[in-house]
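These notes concern the structure reproduced below.
Predicted model, so just to flag it, every value in this text is computed and none were measured.
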Amino acid sequence: MGVSLKKGERVSLSKDVDAGLKSVQFGLGWDERKKGGLMSALFGGGGGGGIDLDASAVLFGANGSRIDQVWFRQLRSKDGSIVHSGDNLTGAGDGDDEVITVDLSRLPSDVQTIIFVVSSFRGDTFDSIDNAYARAVDAKTGREIARYEISGGGSHTGLIMASLSRKSGSWEVQAIGEPGRSRVFEDLLPQMQGHL
């Protein structure tokens with residue numbers, strides 16, 4: 001198991017990149033909270049239900065301008081370096097419910113930060129969700145690099161989960177955990193600017 005991050009904490013990927021890390025998968029899992037019991041559903045965690053959370057990755061340049069986005073309506077970045085696994089409409093099943101794969105070796109040099117967000121397309125609040133998490137995994141080996149467990153619920157419908165940023169010639173993951181209101185990633189764009 002990788003580093004367990006708390007809100008605001010960062011982990012450098014420099015040692016992983018030096019050891020040959022070329023592609024990172026960002027997985028999202030959750031469980032749906034049921035009356036009288038719990039069922040799995042947010043950044044990889046099994047269970048069933050009808051909570052439709054959507055993972056998105058938004059790519060930004062050094063000046064804070066949006067370069068591209070990957071989400072359920074665009075499953076691949078324009079350059080092909082980032083790929084979304086597809087929209088999981090319920091969160092049902094074990095493992096990561098949605099995965100966004102970032103090929104670091106193909107990512108254009110003008111991309112400085114990628115922000116990963118979660119939106120509730122149907123407007124379900126995080127009070128309806130248990131066991132939410134985000135994790136970074138080495139796509140080649142399957143080794144978990146970092147994990148961020150989201151604790152507690154809330155009346156929010158969106159969450160800025162984490163960022164992946166270029167730092168001193170390598171990459172750094174930061175757990176953000178900032179709640180917001182969103183059905184799609186665009187609703188969180190103003191809040192994302194504070195994390196660039």
Side-chain angles (χ1 to χ4, degrees), residues 5 10-14 16-17 21-30 42-44 52-89 96-122 132-140 145-146 148 150 156-196:
L5 296 175
R10 304 168 190 262
V11 62
S12 172
L13 301 184
S14 62
D16 298 288
V17 170
L21 177 69
K22 301 229 181 296
S23 187
V24 180
Q25 293 178 323
F26 285 85
L28 169 64
W30 67 93
L42 177 60
F43 259 152
D52 181 15
L53 295 182
D54 298 310
S56 304
V58 186
L59 293 69
F60 293 94
N63 62 358
S65 63
R66 180 168 43 136
I67 295 172
D68 201 355
Q69 61 279 325
V70 175
W71 60 313
F72 70 89
R73 291 185 180 152
Q74 180 185 322
L75 297 178
R76 182 178 298 273
S77 60
K78 292 175 183 130
D79 60 46
S81 64
I82 302 178
V83 178
H84 194 298
S85 63
D87 192 10
N88 182 326
L89 299 176
D96 297 333
D97 294 312
E98 294 192 9
V99 177
I100 297 174
T101 303
V102 179
D103 185 339
L104 300 173
S105 66
R106 293 182 56 206
L107 203 60
S109 61
D110 61 335
V111 175
Q112 293 299 305
T113 301
I114 303 168
I115 296 187
F116 298 90
V117 301
V118 180
S119 301
S120 175
F121 187 73
R122 296 181 189 142
Y133 70 87
R135 67 189 194 126
V137 175
D138 182 328
K140 182 177 180 182
I145 300 166
Y148 175 40
I150 310 301
H156 53 285
T157 57
L159 191 65
I160 300 174
M161 293 292 293
S163 65
L164 175 66
S165 301
R166 290 185 198 265
K167 298 287 183 192
S168 304
S170 192
W171 294 93
E172 177 180 87
V173 174
Q174 180 181 12
I176 297 173
E178 182 178 326
R181 310 270 323 150
S182 73
R183 293 189 52 202
V184 293
F185 78 88
E186 289 104 334
D187 298 335
L188 293 171
L189 283 171
Q191 283 179 257
M192 287 185 227
Q193 289 294 319
H195 300 284
L196 298 177

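- Side-chain atoms of Ile67 and Asp110, non-hydrogen and from C-beta on, do get closer than 4.5 Å to each other.
- Between Ile160 and Met192 the shortest side-chain heavy-atom distance falls below 4.5 Å.
- For the pair Arg66 and Phe60, the cation-pi test (distance below 6.0 Å, angle within 45°) is failed.
- Pairing each heavy atom of Ala139 with each of Gln25, the nearest pair is CB-CG, 3.7 Å.
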**Study point:** CA sep, side-chain torsions, deciding dist, call: Ile150, Leu159, side chain to side chain contact (heavy atoms under 4.5 Å, CB included)
**Key:** CA-CA 10 Å; Ile150 310 301; Leu159 191 65; 4.0 Å; yes
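- A donor atom on one side chain and an acceptor atom on the other are not found under 3.5 Å apart for His195 and Gln174.
- Using a 4.5 Å heavy-atom threshold, the side chains of Leu75 and Val83 count as separate.
- Using a 4.5 Å heavy-atom threshold, the side chains of Arg135 and Asp96 count as touching.
- Ser163 contributes atom OG, which lies 8.5 Å from atom CZ of Phe26 (distance to the nearest 0.5 angstrom).
- A distance-only check finds a donor-acceptor pair linking the side chain of His84 to the backbone of Ala55 [under 3.5 Å].
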Exercise for review: Show your working on side chain to side chain contact (heavy atoms under 4.5 Å, CB included) between Leu196 and Ile115 and close with a plain yes or no.
Suggested key: CA-CA 9 Å; Leu196 298 177; Ile115 296 187; 3.7 Å; yes
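- Between Ser119 and Ser182, the side chains place a donor N or O and an acceptor N or O closer than 3.5 Å (distance only, hydrogens not considered).
- Taking all atoms of both residues into account, the shortest heavy-atom contact from Val24 to Ala136 is CG1-CB, 4.0 Å.
- A heavy-atom distance below 4.5 Å is found between the side chains of Val102 and Leu107.
- Under the 4.5 Å side-chain criterion, counting only non-hydrogen atoms from C-beta, Ile145 is not in contact with Val137.
- To the nearest 0.5 Å, atom CD of residue Gln112 and atom CG of residue Leu164 are 11.0 Å apart.
- Taken from OG in Ser23 to CG in Asp138, the straight-line distance is 8.0 Å, to the nearest 0.5 Å.
- Residue Trp171 holds its CH2 atom at 5.5 Å from CD1 of Ile114, rounded to the nearest 0.5 Å.
- Across all their heavy atoms, Tyr148 and Leu5 have their closest contact at CD1-O, 3.4 Å.
- Of the inter-residue distances, the one linking Leu21 atom CG with Ser170 atom OG reads 8.5 Å to the nearest 0.5 angstrom.
- Here the straight-line distance linking atom CG of Leu53 with atom CG of Asp97 works out to 8.5 Å at 0.5 Å rounding.
- If you check the side chains of Gln74 and Asp68, you find a donor sitting under 3.5 Å from an acceptor.
- For Trp71, the ring-ring contact (aromatic ring centres under 6.0 Å, His included) partners are Phe185, not counting sequence neighbours.
- Side chain of Gln193 to main chain of Gly64: a donor-acceptor pair is present (N/O by atom type, distance under 3.5 Å, no hydrogens or angles).
- No salt bridge links Asp79 with Arg106; every basic N to acidic carboxylate O contact stays at or beyond 4.0 Å.
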Review point. Do Ile82 and Thr101 pass the side chain to side chain contact (heavy atoms under 4.5 Å, CB included) test, and can you show the C-alpha distance, the side-chain angles, and the key distance before you say yes or no?
Key: CA-CA 6 Å; Ile82 302 178; Thr101 303; over 6 Å; no
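- Taking a 6.0 Å sphere around NZ of Lys78, one finds it holds more than 12 heavy atoms contributed by other residues, nucleotides or ligands.
- Smallest separation of non-hydrogen atoms from Ala162 and Ile176: C-CD1, 3.8 Å.
- In this structure, the side chain of Glu172 does not engage the main chain of Lys167 through any donor-acceptor pair within 3.5 Å.
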Exercise for review: Apply side chain to side chain contact (heavy atoms under 4.5 Å, CB included) to Glu178 and Gln191, showing your working.
Suggested key: CA-CA 9 Å; Glu178 182 178 326; Gln191 283 179 257; 2.6 Å; yes
